[in-house]
Amino acid sequence: SISVQTAELFRRMGRSVAQFSAAMVARVLAVSGVNEPVLRDVLMNDRPAPFLLEDTIRRFELDQTIQAQGRGAAPERFRRFKDLEDAFESDCDENTLRMRRAFPHLPKTAAQAIWRNMSAAERLHMHNRPGMPQRVAKEALVALREIRLARAVEGIHLEAVANPDTDRLVLHMLGNLANWPRQTRVEIRQGTMDGHVLSAIGEARSPFRHILIRQDDGYVLQSRDAQSPRKSKDLYSTIWFLLSPGHRQLLGVTEVGGAALQQWVRAQPLPSRQTVSELLGMAPLAVTVDPATAQHRQTGQLRGGGDNNLT
C-alpha cells in the first residue's frame, strides 16, 4: 500500500497517487532513491521534491503512454521514447543552456534544481563570467552520477528504453539467482565479437562460453558450439535461448522465453547504489560537501535519496 507520506509528497508535486498503481509508485521511489527518511525530511522541513523523483515519474509516464499507443516493435518504441525525450530536453531556458556549456549532458530537471539552489553571487557568476562556480560544478557532477544510476535501474521496469548500463545490471542480477548455472560464462560485448566487454558472469575459463554482441537493433548470440550466430531483439530472449532445457527448468522458465527471465529480475531486490556504481565502473566521486548543508542538498534538491539500498 502507498504510505500517507508518499501520497502527500505526490500531492505537493501536483500529482495524485491515484494515477499510479502501488507497484509503480514503489518502483518510482526505488529508482529515484527516495526512501522513508527522505520523505520525512522533505515533508517536515518543507523542502522541494527531489528532482530525480519528478524526472523518474515523468519518464515512467512517458513509457506507459508509448505502451498504450502500441508503438510496434522494440526499436520503434525506443526511437519514439528518444524523440520525445530529446524534444523535452531541447525546450529549455537560458539558464539551463548556460549550465550545459560546462556539462552538455546535464538533464533539464537537474539544471533547474541546481539553479534554484544557487546563491545570488553564483547566478551572477554564471551570467557574467565563463565557466561555473566550483560548488555548482560539484553539484552538477553529483547530479549526473545520480542520474546515471537511476537510468540504469529504471530500464529494468521500462519497455521503451534501451540502455547498456541496464543490460550490465540485468546480467549481474541473473548471475545472482540461486539456481543460475555458475559454470556458464556469459559476456556482453559492444558491437563485435572482439568489442569492449560491457559485462560478464561465470568463470572466465569455462568451456561453456557465450558471447552476446550488443548492437543498435538487438543482440547477436555467438556460442562456442553454435553453427551460426543467432539474432534476438532483447537481452532476456538471448539469454533464455543459450540456457539448456535443464537450466531453464531449474530456474522455472521453461516456457514464454525471455519474458519469464524478465519477471524473475523484476522480482529481485535491487542492488545498493554502491553496488550499481561499482558494476558500471564509476570511479568514486571526489566531491567534498559542507556537512552543514549535506542533508539538505542530498534529500531536498539534488540526490534522489540515501546511498544505501535502492529499495
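We number each residue from 1, following the sequence as shown.
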Practice prompt. Go through the steps to decide whether T96 and E89 satisfy the test side-chain contact (heavy atoms from CB on, under 4.5 Å), and finish with yes or no.
Written response: CA-CA 10 Å; T96 296; E89 291 293 345; over 6 Å; no

Practice prompt. With side-chain contact (heavy atoms from CB on, under 4.5 Å) as the test, would you mind laying out the steps for E122 and M132 before giving the verdict?
Written response: CA-CA 8 Å; E122 288 168 338; M132 183 180 288; over 6 Å; no

Item to complete: Before giving the answer on side-chain contact (heavy atoms from CB on, under 4.5 Å), spell out for V28 and V31 the whole-Å C-alpha distance, their side-chain angles and the decisive distance to 0.1 Å.
Response: CA-CA 5 Å; V28 164; V31 168; 6.0 Å; no

Worksheet item: Please walk me through it: do W180 and L243 pass side-chain contact (heavy atoms from CB on, under 4.5 Å)?
Response: CA-CA 10 Å; W180 181 262; L243 292 169; 3.9 Å; yes

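Classified by interplanar angle (parallel below 30°, tilted 30° to 60°, perpendicular above 60°), the ring pair F10/F20 is perpendicular.
With a 4.5 Å cut-off on side-chain heavy atoms, N35 and L29 do not count as touching. In this structure the side chain of D167 never reaches within 4.5 angstrom of the side chain of L171, judged on heavy atoms. Two residues are said to be in side-chain contact when any heavy atoms from C-beta on lie closer than 4.5 Å; T6 and E36 meet this criterion. Looking at heavy atoms from C-beta onward, V142 lies out of side-chain contact with E139 at the 4.5 angstrom threshold. A 4.5 Å side-chain heavy-atom check between V136 and M99 finds at least one atom pair inside the cut-off. Annotation: side chain of V153 is in contact with side chain of L270 (closest heavy-atom distance under 4.5 Å). A 4.5 Å side-chain heavy-atom check between R58 and E54 finds every atom pair outside the cut-off. Within the 4.5 Å cutoff, side-chain heavy atoms of L242 are placed close to those of L221.
More than 12 heavy atoms of other residues, nucleotides or ligands lie within 6.0 Å of CG in D83, so this atom counts as buried by the packing criterion. Remark: E94 CD is packed, more than 12 non-hydrogen atoms of other residues, nucleotides or ligands lying under 6.0 Å away. Applying the 6.0 Å contact sphere to CD of Q183 captures more than 12 heavy atoms from other residues, nucleotides or ligands. Environment of CD in Q249: sparse, with no more than 12 heavy atoms of neighbouring residues, nucleotides or ligands closer than 6.0 Å. Other residues, nucleotides and ligands contribute at most 12 non-hydrogen atoms within 6.0 Å of the CG atom of D216.
Between the CG atom in L149 and the CG atom in L52 there is a gap of 9.0 Å [rounded to 0.5 Å]. Atom CZ of R98 is separated from atom SG of C92 by 11.5 Å, given to the nearest 0.5 angstrom. Note that the NE2 atom of H196 and the CD atom of Q190 stand 8.5 Å from one another [nearest 0.5 Å]. Taken to the nearest 0.5 Å, the CG atom of L124 stands 9.5 Å off from the OG atom of S119. Note that the NE2 atom of H247 and the CD1 atom of I239 stand 14.0 Å from one another [nearest 0.5 Å]. The distance from the CD1 atom of I147 to the OG atom of S32 is 12.0 Å, given to the nearest 0.5 Å.
Seen from the ring of F88, K108 counts as a face-on cation partner, given the 6.0 Å and 45° thresholds.
Classification of R151 and D165 as a salt-bridged pair fails, no side-chain N sitting under 4.0 Å from a carboxylate O. A salt bridge does not link E203 with R205: every distance from a Lys NZ or Arg NE/NH1/NH2 to an Asp or Glu carboxylate oxygen is 4.0 Å or more. Note on E146 versus R273: salt bridge recorded, some NZ/NE/NH1/NH2 to OD/OE distance being below 4.0 Å. Salt bridge R59/E61: absent, no basic N to carboxylate O contact under 4.0 Å.
Side chain of D63 to main chain of E159: a donor-acceptor pair is present (N/O by atom type, distance under 3.5 Å, no hydrogens or angles). Listed for the S206 side chain is no donor-acceptor partner under 3.5 Å among the backbone atoms of R209. Without hydrogens or angle criteria, S90 side chain to A87 main chain gives a donor-acceptor distance under 3.5 Å. Counting only distance, with no hydrogens or angles, the side chain of T166 and the backbone of A152 share a donor-acceptor pair below 3.5 Å. Using a distance-only test at 3.5 Å, with no hydrogens or angles considered, a donor-acceptor pair links the side chain of R266 to the main chain of I156. Between the side chain of N163 and the backbone N or O of G155, no donor-acceptor pair lies under 3.5 Å. Checking side-chain atoms of R214 against main-chain N and O of R189 turns up no donor-acceptor pair under 3.5 Å. When atom types are taken as modelled, the side chain of W240 and the backbone of V253 share a donor-acceptor pair closer than 3.5 angstrom. No donor-acceptor distance shorter than 3.5 angstrom exists from the side chain of R27 to the backbone of E154, with no hydrogens or angles considered.
With hydrogens and angles left out, the side-chain atoms of H105 and R100 include no donor and acceptor closer than 3.5 Å.
Closest approach of D41 to R47, counting heavy atoms only: OD2-NE, 2.8 Å. Here the closest heavy-atom approach between residue G202 and residue R185 is recorded as O-NH1, 2.9 Å. Here the closest heavy-atom approach between residue W264 and residue G252 is recorded as NE1-O, 4.3 Å. When all heavy atoms are compared, the tightest approach of V38 to G33 is CG2-O, 4.4 Å. The two residues V42 and P50 have their closest heavy-atom pair at CG2-CD, 4.2 Å. Heavy-atom minimum distance, R145 versus A283: NH1-O, 2.8 Å.
In this structure, I211 shares a hydrophobic cluster with M193, I213, V220, the cluster being traced through Ile, Leu, Val, Met, Phe, Trp and Tyr side chains under 4.5 angstrom apart.
L84 and F78 are members of different hydrophobic clusters when ILVMFWY side chains are connected at heavy-atom separations under 4.5 Å. A single hydrophobic cluster is not seen to contain both L174 and L250; linkage of ILVMFWY side chains at heavy-atom distances under 4.5 Å, directly or through other members, places them apart. In this structure, L97 is not a member of the same hydrophobic cluster as I114, with clusters built from ILVMFWY side-chain heavy atoms closer than 4.5 Å. Transitive grouping of hydrophobic side chains (ILVMFWY, heavy atoms separated by less than 4.5 Å) brings M24 and I66 into a common cluster.
Legend: residues meeting side-chain contact (heavy atoms from CB on, under 4.5 Å) with R79, ordered by chain and number and at least two apart, are P75, E76.
Two rings, from H127 and W115, have their centers less than 6.0 Å apart.
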